[in-house]
Amino acid sequence: MVLIWENLRLPKLPKTRTQDSNVLILDERNYSPELLLQTLDQDCRKMTDEQKKVYDEILSAVDDGIGGMFFLDGFGGTGKIFLWKLLSETIRSRGDIVLNVASSGIASLLLQGGRTAHSRFGIPLNPDEFSSCTISHGSDQANLVKESSLIIWDEAPMMSKFCFEALDRSLFSL
Ligand SMILES: Nc1ncnc2c1ncn2[C@@H]1O[C@H](COP(=O)(O)OP(=O)(O)OP(=O)(O)O)[C@@H](O)[C@H]1O
């Protein structure tokens, strides 16, 4: 007997992706697009002209895939976290990944899905000019970073420059 597979109405299995078993990636993609779009719709209208300019510039760098680094400075209460929230919601509503990190545990609590930069990237506690992060090539943590479209680092100037250099060095080797 010959079975013609096309004629058997078997359910189609979803395409498997290499990252489907990475719980860190699954966790970062576990946001409801419908809920995100609902709050986005309201909050996007509230943006000031200055916030909109920053939002557009960062988002177009993400969309164009050109990469880049942006430093946003402003007095307390001028809406930096408000902007991080909008950027995160926009990118997450598309099913893409944003890594929200902060220099301190307290600051990370204000970010959606926030973690300390030390914990997210495995930055050593006392870095020097030769330090690298503990994140290793091929690990779930490394694949999460590679899959991410944007990293938001709140209160970045609170950290030693060696932390950024360690991360930069490590990202090159992933
Ligand atoms: N365009 C806006 N429309 C309405 N509310 C806003 C807007 N921008 C900021 N806010 C609100 O103002 C308050 C302060 O904003 P936010 O916490 O984002 O400031 P911040 O610059 O991150 O402050 P800090 O540096 O102290 O952490 C928040 O309640 C935020 O929701």
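All values below were derived from every heavy atom in this structure, side-chain atoms included, with hydrogens, water molecules and symmetry-related copies excluded. Each ligand, and each atom within it, is numbered from 1 in the order the structure gives.
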Pairing of Asp49 and Lys53 as salt bridge, 4.0 angstrom limit
no
Please tell me whether Thr48 and Glu50 have a donor and an acceptor in their side chains that are separated by less than 3.5 angstrom.
no
Tell me, which residues have any heavy atom less than 4.0 Å from some atom of ligand 1?
Lys46, Met47, Thr48, Gln51, Phe75, Gly76, Gly77, Thr78, Gly79, Lys80, Ile81, Phe82
State whether a side-chain donor-acceptor pair under 3.5 Å links Tyr55 with Thr90.
yes
Grouping I, L, V, M, F, W and Y whenever their side-chain heavy atoms are under 4.5 Å apart, do Leu174 and Val101 come out in a common cluster?
yes
I'd like to know if the side chain of Ser60 pairs up with that of Asp63 as donor and acceptor (distance under 3.5 Å, no hydrogens or angles considered).
no
Within a 6.0 Å radius of atom CG on Leu109, are there more than 12 heavy atoms belonging to other residues, nucleotides or ligands?
yes
